[in-house]
Amino acid sequence: MATTSRRLRPKDFEGDAPVVARALIGAIVLIDGVGGRIVETEAYDREDPASHSHSGPTPRNQAMFGPPGRAYVYRSYGIHWCMNFVCREDGHGAGVLIRAVEPLYGIDRMIARRGLEDVRLLCSGPGRVGQALAVTHAFNGMRLDQAPFEVRAASEDVEVVVGPRIGISKAADVPWRFGLAGSRFVSRPFPKPVSLRA
DNA sequence: CTCTTGATTCTCT
DNA sequence: GAGAATCAAGAGA
């Protein structure tokens, strides 16, 4: 249950983006009681050409340069709301994109918002997560350790898989995408590990 | 100012 | 697999 694991505080988000992104796999995220287990994340930071923060603070990305443990929400393709968790305590412009969630709580509300009943498709993508959890710009900059957010650490060790990020043209080969091994709720399959011998 | 490009998803072919 | 929906940054004139 969500109440069995420790609630994450800002200090838990002070690490580098890839470290936090990996640590968030298996964590529970809820907005107004609706959500589930994080099964896919991607890391971004200022040195990364693919990151919104790469060219410094702007009105849109200012949350990324603020305190860690807060949300950075942006509009994607003029249609979708995508949510990041801001990390690092030094205003570096680092964050973790929440790409997929395994629906566990408030599934009926997610179904209503998404207009689908296939649980597997409710939160399997950053735009889908935004719609299922009713994310909007109103959440931009808000603390993740206060209502309506509830973020809890993974209650047990989980096996994490890594791969290149999705939907970007710059630094597309950087392996900063993390996923829960074997999860059916990721947005896309992870590349199979390179076999050393045929 | 105009032009291009997206950290995407859905629908139709 | 291709195209649309739809808008805010970012780049360039």
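Nothing here was measured: the structure is a model prediction, and the numbers come from that model. Chain A is the first sequence line, chain B the second, and so forth, proteins listed ahead of strands; every chain is numbered from 1.
Within the structure, a side-chain polar atom (N or O) of A:Arg114 is placed less than 4.0 Å from OP1 or OP2 of B:dC10. Neither OP1 nor OP2 of C:dC7 sits under 4.0 Å from any side-chain N or O of A:Arg60. Residue A:His80 places none of its side-chain N or O atoms closer than 4.0 Å to OP1 or OP2 of B:dT9. Contact between the side-chain N/O atoms of A:Ser169 and the OP1/OP2 oxygens of B:dG6 is found at a separation under 4.0 Å. Residue A:Arg99 has a polar side-chain atom (N or O) positioned under 4.0 Å from OP1 or OP2 of B:dT8.
For a distance-only test at 3.5 Å, the side chain of A:Tyr77 fails to qualify as a donor-acceptor partner of the base of C:dA5.
Rounded to whole Å, atom P of B:dT9 lies 9 Å from atom CG of A:Leu97. C:dA5 atom P lies 18 Å from atom CD of A:Gln131, rounded to whole Å. For the pair A:Asn61 CG and B:dG6 C1', the computed distance is 15 Å after rounding to whole Å. Atoms CD (A:Gln62) and C1' (C:dA9) sit 14 Å apart, rounded to a whole Å. One atom, CG of A:Asp118, and another, P of B:dT9, lie 15 Å apart when rounded to the nearest Å. In this structure, A:His54 atom NE2 and C:dA11 atom P are separated by 9 Å, rounded to whole Å. Atom C1' of nucleotide C:dA8 and atom CG of A:Asn140 are separated by 14 Å, given to the nearest angstrom. Taking atom CZ of residue A:Arg177 and atom P of nucleotide B:dT8, one finds them 11 Å apart after rounding to whole Å.
Residues A:Leu133 and A:Val34 approach most closely at CD2-O, 3.5 Å, considering heavy atoms. Across every non-hydrogen atom of A:Glu40 and A:Ile166, the tightest pair is OE2-CD1, 4.2 Å.
At a threshold of 4.0 Å, the pair A:Lys170-A:Asp48 does not count as salt-bridged, since none of the basic side-chain nitrogens sits closer than that to a carboxylate oxygen. Salt bridge present: A:Arg99 and A:Glu42 bring a charged side-chain N and a carboxylate O closer than 4.0 Å. Using a cutoff of 4.0 Å between basic side-chain nitrogens and carboxylate oxygens, A:Asp12 and A:Arg6 are scored as salt-bridged. Between A:Arg7 and A:Asp145, none of the side-chain N atoms (NZ, or NE/NH1/NH2) sits under 4.0 Å from a carboxylate O, so this pair counts as no salt bridge.
Centre separation under 5.5 Å together with a plane angle under 30° does not hold for the ring of A:Tyr74 and the six-membered base ring of B:dA7, so they are not marked as stacked.
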Run the side-chain hydrogen bond (donor to acceptor under 3.5 Å, both in side chains) check on A:Tyr74 and A:His137 step by step: do they pass?
-> CA-CA 7 Å; A:Tyr74 70 93; A:His137 62 91; over 6 Å; no
Secondary structure string for DNA chain C (Watson-Crick or G-U under 3.5 angstrom, | for other-strand pairs) | |||||.||||||.
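For A:Asn84, counting side-chain heavy atoms from C-beta on, the closest listed nucleotide (B:dA7, B:dC10, B:dT8) is B:dA7.
Side-chain rings of A:Phe149 and A:Phe139 approach one another, their centers coming within less than 6.0 Å.
Within the nucleic acid shown, A:Gly127 comes within 4.0 Å of sugar-phosphate atoms alone, with no base atom in reach, counting heavy atoms only. Among the atoms of the strands shown, only primed sugar atoms or phosphate atoms (P, OP1, OP2) are found under 4.0 Å from some heavy atom of A:Arg128. Nucleic acid contact for A:Met64: base, since at least one base atom lies under 4.0 Å from a heavy atom of the residue.
Mapping A:Pro126 and A:Lys170 onto DNA chain B by nearest heavy atom places A:Lys170 at the nucleotide closer to the 5' end.
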